[in-house]
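Structure first, commentary second.
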Number of protein chains: 2
Amino acid sequence: MEGRLVLENPPLEEALEALRLRRSREDTVLIVGECSVKYDGRASSTLEPGDRIVLIKSDGSLQVHRPFELSPVNWQPSGSVLRVRVQDGLLFVRAYNPRGRESLEVVFSKLVLLAVLGLRDTGSFFLHASEEDMRSAILRQPSILEEGFKPIAVERQVEPGFVDILGLDGKGILTVVEVKRNDASRDAVLQLKRYVDSLRMETGKEVRGIIAAPGLARGAQSMLTSLGLEFKALSPQRCGEIIKRGKERKMTDFLR
Amino acid sequence: MEGRLVLENPPLEEALEALRLRRSREDTVLIVGECSVKYDGRASSTLEPGDRIVLIKSDGSLQVHRPFELSPVNWQPSGSVLRVRVQDGLLFVRAYNPRGRESLEVVFSKLVLLAVLGLRDTGSFFLHASEEDMRSAILRQPSILEEGFKPIAVERQVEPGFVDILGLDGKGILTVVEVKRNDASRDAVLQLKRYVDSLRMETGKEVRGIIAAPGLARGAQSMLTSLGLEFKALSPQRCGEIIKRGKERKMTDFLR
DNA sequence: ATTTACATTTCGGGG
DNA sequence: CCCCGAAGTGTAAAT
């Protein structure tokens, strides 16, 4: 943390000065108080007066949070241009997004807290066990899908789109694998069906279709069986572990 | 605003006490300081140390904001259970989501600001020119879609789902209208195709399919034509005006 | 409670 | 830069 300015119950003029003096947009700003909000752009919206928290970041993004709900009630993406002014005993905070020509205006009638914060954040963020991780796990250890399975292609294009994994099962039968990180929906089943049909047409041979996912939506279950497709339970956690083990193995490989 | 407690650079123990004393989750909490974050649930993630803002709301939601990017880097939805403790000179804030059995842990090594705020927000939020508004506009003034168009049903269920608007064109041909507030994707085209096919099967007659949206994605354009479907440009703004005019007309009707 | 479709979706990757 | 699809999507409505 490099610097900070925290004002409780500041007069509007004082708040205005603090906002204007913040080091050219590098600081993060928190404003808490009673305000109303108007937005106009792709859609338009109005928010009647109430107590909210406004968060303005160094990238020019702005968001208005009510005391409930995860998502902001109003926002403006990064790259917005901020303008503040005091008029008629009100503090106007306006964020204009040049791309999209969208505008957001927050009007404060009362301020509870104003913080101008020099935050320093260089830490890396790692997200594990994505759908891509699941594909990697199957490629690294095909037996988690089925004993004897051999991948032969990833992201292979067939007519309707890209197949996640294409391979041969233990008997040498062409097998399409559709990987989903969440429970597979009926849409996923239909997608797999299209791939299987397309490959049957293309090869003139038998083709198996397997959905690899943590689970199935109920409608998906019946649709799957009626279409002659299959399901293999596969949790992102398990895949994450395989990936991790794979990385460890890689490291020991270096040590050998 | 009913009450507030703002602490600058509080010792961890003092912060812990303030967090525990907040009126049974009704208050909104802001914590600013150096922290690291771990998440485990549908996926898992790690965030290395840095300065962040943590926002905890009265509904049990929690979000961790970096000084850049609109979206929180980590979060927990409403209904999460909060637990705080101090250990080994660190402040642990843990949010557990019973649904989904997901956990999020924020570990602060240094606190810059702690605010416990009694925010009162009962103001209503109005969003204009939504997709529903566009549907209403077509119903109110069907000619904006096509001269002679007559709506006969909204949200009519056919096999694959719910048709936005079902009607008859100037020649009495059954017409399915799929309304999109944004440029229609290929998914939207496929959805419309399913509706049209289903109604052709059902009625055994010719059926038209029209996408009403501000525009089309390019892939959607070619797919649309190859499937024999149609497109009608329709902006949310225009629809918004029609709705507004409709309301005005209603008011003048009262005056007559 | 579960499913479905929408969102000012946001975000990231590929062409 | 646009297009496209996934997201720890969130959210509200309908079943």
Side-chain angles (χ1 to χ4, degrees), chain A residues 37-45 61-64 68-78 80 95 97 99-104 125 127-135 155 161-162 164 179-183 185-188 191 214 216-220 236-237 240, chain B residues 37-45 59 61 63-64 69-80 95 97 99-104 125 127-135 155 157 160-164 178-188 191 214-223 236-237:
Chain A
V37 187
K38 281 190 180 177
Y39 155 76
D40 196 55
R42 283 168 286 188
S44 59
S45 74
S61 68
L62 182 154
Q63 46 197 298
V64 182
F68 48 87
E69 292 190 340
L70 180 61
S71 317
V73 60
N74 279 112
W75 69 92
Q76 202 66 292
S78 64
S80 298
N97 181 338
R99 283 205 293 278
R101 296 184 282 284
E102 302 188 288
S103 70
L104 180 67
F125 176 68
L127 181 63
H128 319 287
S130 62
E131 189 171 301
E132 188 180 341
D133 289 337
M134 293 181 69
R135 283 199 296 268
E155 298 285 341
F162 290 87
D164 280 335
V179 181
K180 289 290 169 195
R181 195 155 56 65
N182 297 320
D183 289 359
S185 66
R186 293 188 297 187
D187 274 356
Q191 195 179 356
L216 285 174
R218 237 182 228 172
Q237 278 84 347
Chain B
V37 187
K38 280 189 181 177
Y39 155 76
D40 198 54
R42 282 169 286 189
S44 60
S45 73
D59 59 2
S61 68
Q63 46 198 299
V64 183
E69 294 190 338
L70 178 62
S71 315
V73 60
N74 279 112
W75 70 93
Q76 202 67 292
S78 62
S80 299
N97 181 332
R99 296 195 302 276
R101 296 183 284 282
E102 301 188 288
S103 70
L104 180 68
F125 176 69
L127 181 64
H128 317 289
S130 63
E131 186 172 306
E132 190 180 338
D133 288 338
M134 292 180 69
R135 283 199 296 268
E155 299 285 337
Q157 179 157 28
F162 290 87
V163 164
D164 280 335
E178 178 71 24
V179 180
K180 290 290 169 196
R181 173 181 209 300
N182 297 319
D183 289 359
S185 66
R186 292 188 299 186
D187 275 357
Q191 195 178 359
L216 283 174
R218 236 183 228 172
Q221 171 68 281
S222 60
M223 182 180 279
Q237 279 83 348

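Not measured: the values here are computed from a predicted model. In what follows, every heavy atom counts, from backbone to side chain, and hydrogens, waters and symmetry copies are set aside. Below, chains carry the letters A, B, ... as their sequence lines are ordered, and counting in each starts from 1.
Atom-to-atom, CG of B:Asn97 to P of D:dT9 comes out at 12 Å; the value is rounded to the nearest Å. When rounded to the nearest whole Å, the span between CG of B:Asp164 and C1' of D:dA14 equals 15 Å. We find that CZ of B:Arg135 is positioned 12 Å from P of D:dA13, with the value rounded to whole Å. Put simply, CE on B:Met223 is 15 Å from P on D:dC3, counting in whole angstrom units. For the pair A:His128 NE2 and D:dG8 P, the computed distance is 12 Å after rounding to whole Å. With rounding to whole Å, B:Arg101 atom CZ is found 15 Å from D:dG8 atom C1'. Here the P atom of nucleotide D:dT11 and the CG atom of B:Leu127 are 15 Å apart, to the nearest Å.
The CH2 atom of B:Trp75 lies 12.5 Å from the OG atom of B:Ser61; values are rounded to the nearest 0.5 Å. Note that CG of A:Leu104 is 12.0 Å distant from OG of A:Ser44, once rounded to the nearest 0.5 Å.
Counting only distance, with no hydrogens or angles, the side chain of B:Gln63 and the backbone of B:Pro72 share no donor-acceptor pair below 3.5 Å.
Separating the C1' atom of C:dA5 from that of C:dT9 is a span of 13 Å, rounded to the nearest Å. Using P as the reference atom, C:dT8 and C:dT4 are 22 Å apart when rounded to the nearest Å. Nucleotides C:dG14 and D:dG8 are separated by 24 Å at their C1' atoms, to the nearest Å.
Of the two residues contacting DNA chain C, namely A:Leu216 and A:Gln76, the nearest-nucleotide position lying further toward the 5' end is that of A:Leu216. Each of A:Ser185 and A:Arg42 was assigned the nucleotide of DNA chain C with the nearest heavy atom; the assignment lying further toward the 5' end belongs to A:Ser185. Heavy-atom distances to DNA chain D give each of B:Ser78 and A:Phe125 a nearest nucleotide, and the one nearer the 5′ end belongs to A:Phe125.
Taking every heavy atom of both residues into account, A:Tyr39 and A:Asn74 meet most closely at CB-ND2, 3.6 Å. Between B:Glu131 and B:Asp164, the shortest heavy-atom distance links the atoms OE2-OD2, 4.1 Å. Among all heavy-atom pairs drawn from B:Glu178 and B:Gln191, the shortest one is OE2-OE1, 3.6 Å. A pairwise comparison of heavy atoms in A:Ala43 and B:His128 identifies CB-O, 3.5 Å as the closest pair.
The shortest side-chain heavy-atom distance between A:Asn97 and A:Arg99 falls under the 4.5 Å cut-off.
Nucleic acid contact for A:Pro77: none, since no nucleic acid atom lies under 4.0 Å from a heavy atom of the residue. Among the protein residues, A:Arg186 comes within range of the sugar-phosphate backbone only, with heavy atoms under 4.0 Å from sugar or phosphate atoms but none that close to a base. Within 4.0 Å of B:Asp187, counting heavy atoms only, lies no atom of the nucleic acid at all.
Where DNA chain C meets chain A (any atom under 4.0 Å from a heavy atom), the bounding nucleotides read 5' to 3' are C:dT3 to C:dT10.
Between B:Trp75 and the phosphate of D:dG10, there is a side-chain N or O to OP1/OP2 separation shorter than 4.0 Å.
Considering only side-chain atoms of A:Arg181, the nucleotide from D:dT11, D:dT9, D:dC4 that sits closest is D:dT9.
Pairing of C:dT8, defined by two Watson-Crick or G-U wobble distances under 3.5 Å, is not identified with any nucleotide.
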